[in-house]
There are 2 protein chains.
Amino acid sequence: MGIGLTEFLSIELATEHPSVIPISVFIAILCLCMVIGHLLEENRWVNESITAIIVGAASGTVILLISKGKSSHILVFDEELFFVYLLPPIIFNAGFQVKKKKFFHNFLTIMSFGVIGVFISTTIISFGTWWVFPKLGFEGLTARDYLAIGTIFSSTDTVCTLQILHQDETPLLYSLVFGEGVVNDATSVVLFNAVQKIHFDSINGLTALRVFGNFLYLFFTSTILGIGVGLVTSFVLKTLYFGRHSTTRELAIMVLMAYLSYMLAELFSLSGILTVFFCGVLMSHYASYNVTESSRITSRHVFAMLSFIAETFIFLYVGTDALDFTKWKTSSLSVAGTLEVSSVITALILLGRAAFVFPLSVFTNFMNRNTQRSESITFKHQVIIWWAGLMRGAVSIALAFKQFTYSGVTTDPLDAAMVTNTIVVVLFTTLVFGFFTKPLVNYLLPHDESHNTGKRSAPGSPKEDATLPLLSFDESTSTNLSRAKDSLSLLIEQPVYTIHRYWRKFDDTYMRPVFGGPRPVNQPEC
Amino acid sequence: MGIGLTEFLSIELATEHPSVIPISVFIAILCLCMVIGHLLEENRWVNESITAIIVGAASGTVILLISKGKSSHILVFDEELFFVYLLPPIIFNAGFQVKKKKFFHNFLTIMSFGVIGVFISTTIISFGTWWVFPKLGFEGLTARDYLAIGTIFSSTDTVCTLQILHQDETPLLYSLVFGEGVVNDATSVVLFNAVQKIHFDSINGLTALRVFGNFLYLFFTSTILGIGVGLVTSFVLKTLYFGRHSTTRELAIMVLMAYLSYMLAELFSLSGILTVFFCGVLMSHYASYNVTESSRITSRHVFAMLSFIAETFIFLYVGTDALDFTKWKTSSLSVAGTLEVSSVITALILLGRAAFVFPLSVFTNFMNRNTQRSESITFKHQVIIWWAGLMRGAVSIALAFKQFTYSGVTTDPLDAAMVTNTIVVVLFTTLVFGFFTKPLVNYLLPHDESHNTGKRSAPGSPKEDATLPLLSFDESTSTNLSRAKDSLSLLIEQPVYTIHRYWRKFDDTYMRPVFGGPRPVNQPEC
């Protein structure tokens, strides 16, 4: 098997199945990775991502030895593979599995972290690198490169932290970290694409505004497309009631429509990542009530599984790529230089994240000061949120490859240097920061607090369900004026809660009857 | 969207996502196809395959008009796409969903239909075409081509019939049609590959023997590899007990190992189709007992869904391909000539299938004459079995493309003629024969017989379970001699039943404790 391995190291569609060997090897390693990840699950330090990276690096070493130093790759990196096949399931699953109640309840906080946060972080990292890199003798990057670097290193990887936090024990913290992780991924990709469209030859005061406008355009059109596809799917499933016949067909429709939403977004040059995310949210909010019980169980697990495989795949790839000596040799930086530059980037990541987590948390607490229902974000929680977003992962790698390589290959020393830097930063943050996540969380949220085996904070949600129907609007029209006044003052005092309440009302009255959902909470009264 | 459509009509991995448009269009049509298929499900004449072909042809027409007669394709046919991505899920699912008790109980009958039948059918079609084609003025095909044509048109497509038969009402018939369908697919692909290896320059009396030897080698090594991978997966799942942690991981392991078995078979130049089939059988026999309840439900639906999508995809493709005028223009035959040749092939298919279904059924009935437990195959059943295998489908198309094109493109008039002939035969048999399947089955198995809403014949299986423990061998050694004599005479009188009983014994005692399975039937006695 060793003989001729290097000849087959590219994934390519051709008649004589040259892709069979790399795919077989890669799948075998993926399986190995999952078994090892399972065995190490109880371990204090390690997590899935770290396992995958280490297994990847080990496989890379073996392949390097077999191919006598020629290559450490099993598969050549392919942006399309990543953006067309691996990323959509991850993001769709995030949207599908998100606890919508918590997510929408903390919607504004999550959005401020996920959107404003990325802008702040991008600004700090872009300016920081632009200021420091030339001082380290690392010159030649363009303004577009610096802006791209800002977005590349603003996309976080919260998987590691989410594996440790428990949704039932610290619901607010969990939903903030999870929500931010998702919105952040989407924002950085959209911002990255917006940066690509800047014309740097005619730069002026309006450029920043134009980037922001472009961002907003992409953000809203993509969201609307995702919502549209999600609603169409729900409507089709509800109207035709596929469950009468087959779970298989329902599942197929859901999977295909989810994928179609992503493809349509790409077709119209929108952000597929946002579209597929909102498509996932809508499908889980409406469509999953229109299908049979077994379809519901199955779809949840299918999307989780696809996402899991895609994630492991990516980390495994990053692991093998770390040993790619071609890039190291091409790089304009020495090993010491790479370490210097990577340290600067890591420091800027720490700084850029601190610069928005703490102020925005304080601001959120201030906004929610009048709401008894919302817990405030304690300082300990702020530290965990800050830490949770320090790891850099798959999206960073993918964006870096998109910016600095042509289908994974680069001959430019500067570009090669940036790719190796990205890999070093991803490895360092995932391995080192990832290592300390469990101890940190256990230290800040001590064991006895985080081990009152679940269900303790659960009473919060049924209570919420029980109070909502009391806010019913189905009364005489005479009270409408005073109500409107009340609502307005409520909107100012408790903006998030009020918006959420109106949305629930609208959803129960107009949306659910058409697109499907559980029977409204005040139905049982009849 | 119409503008520039033809420029994007090839599926290719490239940086600027040229595959986005065809993939979007194709997925949208797939969804449409499923919705239409669902709406027509109650229809008397139509089935899934026919719907997909018609929708495909309609889309082909639209694309033909948009591209002003240049092309009717959305995706260029790719053997690798078919053999590496579409076929494995279909075959794996067949193995995974097969009712193992029925399958193994009728094992010898199924194997004789599926293996000996393909040999007989291939012989008749090969000799028939070799004898008739030159008389029609269709000359120039080589001996290898004729043999390939034999195997191409010996692979059946039983999907259509299986949609109509009911497992509970006619269990024997269902398991025979289903089992033959699966084994037949595998056999024709293996035989096709064996034919490819013949050296026609040094042909002699031993050639047929060598093909048969090659076939047996491929058959057994592939089966053993599939069994091996299935057992390893079961063992891993049982030993590590993934269920303790996550359904996601269990599912991922099952999906990846299934795919790995196929890839490994391709790697060692074996028959992936046989390997993945037996891997599916083993996984459903052992592994699915080692996973959580939700994994069990999910895995069943996931595999069914993947198979369903792949099947619809293939028929949709065949539909669009029917209008590919390039091939029609390249063909050495006129339209009338094509119809003549196709009619000959269709007649040979009818003959070739009759030549083994009826004799082998009689033989099976003769072998089972002493067994009270086995029903015999009535003449009506024989007619249905014969009819069920007349449709030609995806495998025929794929093999024809493999033999007569280079990645879906051909410039040779003879090859183009054979491809168009194959498409015409597939269309004709699927549409015309498919159309009459429901009426035929309803005529032969009248409504009142086939509508005693299920469960009627179910008592048969629990009885079987209850009698088996009575045949226990855990008695004193003194009775062993007389038992051995009894067993031997039993083996001669009721070969199938006896083999099956020994296998059950072995399975319960040695295999299930190691690889997992339901607790043995005699366990509750303790």
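Sequence lines set the chain letters: A, B, ... in the order given, protein chains first and strands last, and positions in each chain run from 1. As the structure is a prediction and not an experimental result, all values here were calculated from the model.
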| query | Going from CD1 on B/I23 to OH on A/Y259, what distance comes out if it is rounded to the nearest 0.5 angstrom? | reply | 5.5 Å

| message | Please find the pair of heavy atoms, one from A/I297 and one from B/S294, that lie closest to each other, and give the distance. | response | CG2-CB, 4.2 Å

| task | Mind listing the closest non-hydrogen atom pair of B/M34 and A/R249 along with its distance? | result | O-NH1, 3.4 Å

| request: Could you pull out all residues at least two apart from B/R300 that satisfy salt bridge (Lys or Arg N to Asp or Glu O under 4.0 Å)? | output: none

| message | Using every non-hydrogen atom in the two residues, find where B/C31 and A/L256 come nearest and quote the distance to one decimal. | response | SG-CB, 3.6 Å

| said: With rounding to the nearest 0.5 angstrom, report the CD1 to CG distance, B/I253 to A/L30. | reply: 9.5 Å

| task | Against chain B, work out which of A/L264, A/V255, A/T298, A/I27 has the most heavy-atom pairs shorter than 4.5 Å and name it. | result | A/T298

| said: A/S295: which residues meet the side chain to side chain donor-acceptor pair (under 3.5 Å) condition with it, sequence neighbours left out? | reply: A/E250, A/T292

| query | Say you draw a straight line from OG of A/S24 to OH of B/Y262; how long is it, rounded to the nearest 0.5 Å? | reply | 11.0 Å

| Heavy-atom distance under 4.5 Å to chain A: side chain of B/I309, backbone, both or neither? | side chain

| task | For residues B/T248 and A/M305, report the shortest heavy-atom separation together with the two atoms involved. | result | CG2-CA, 3.5 Å

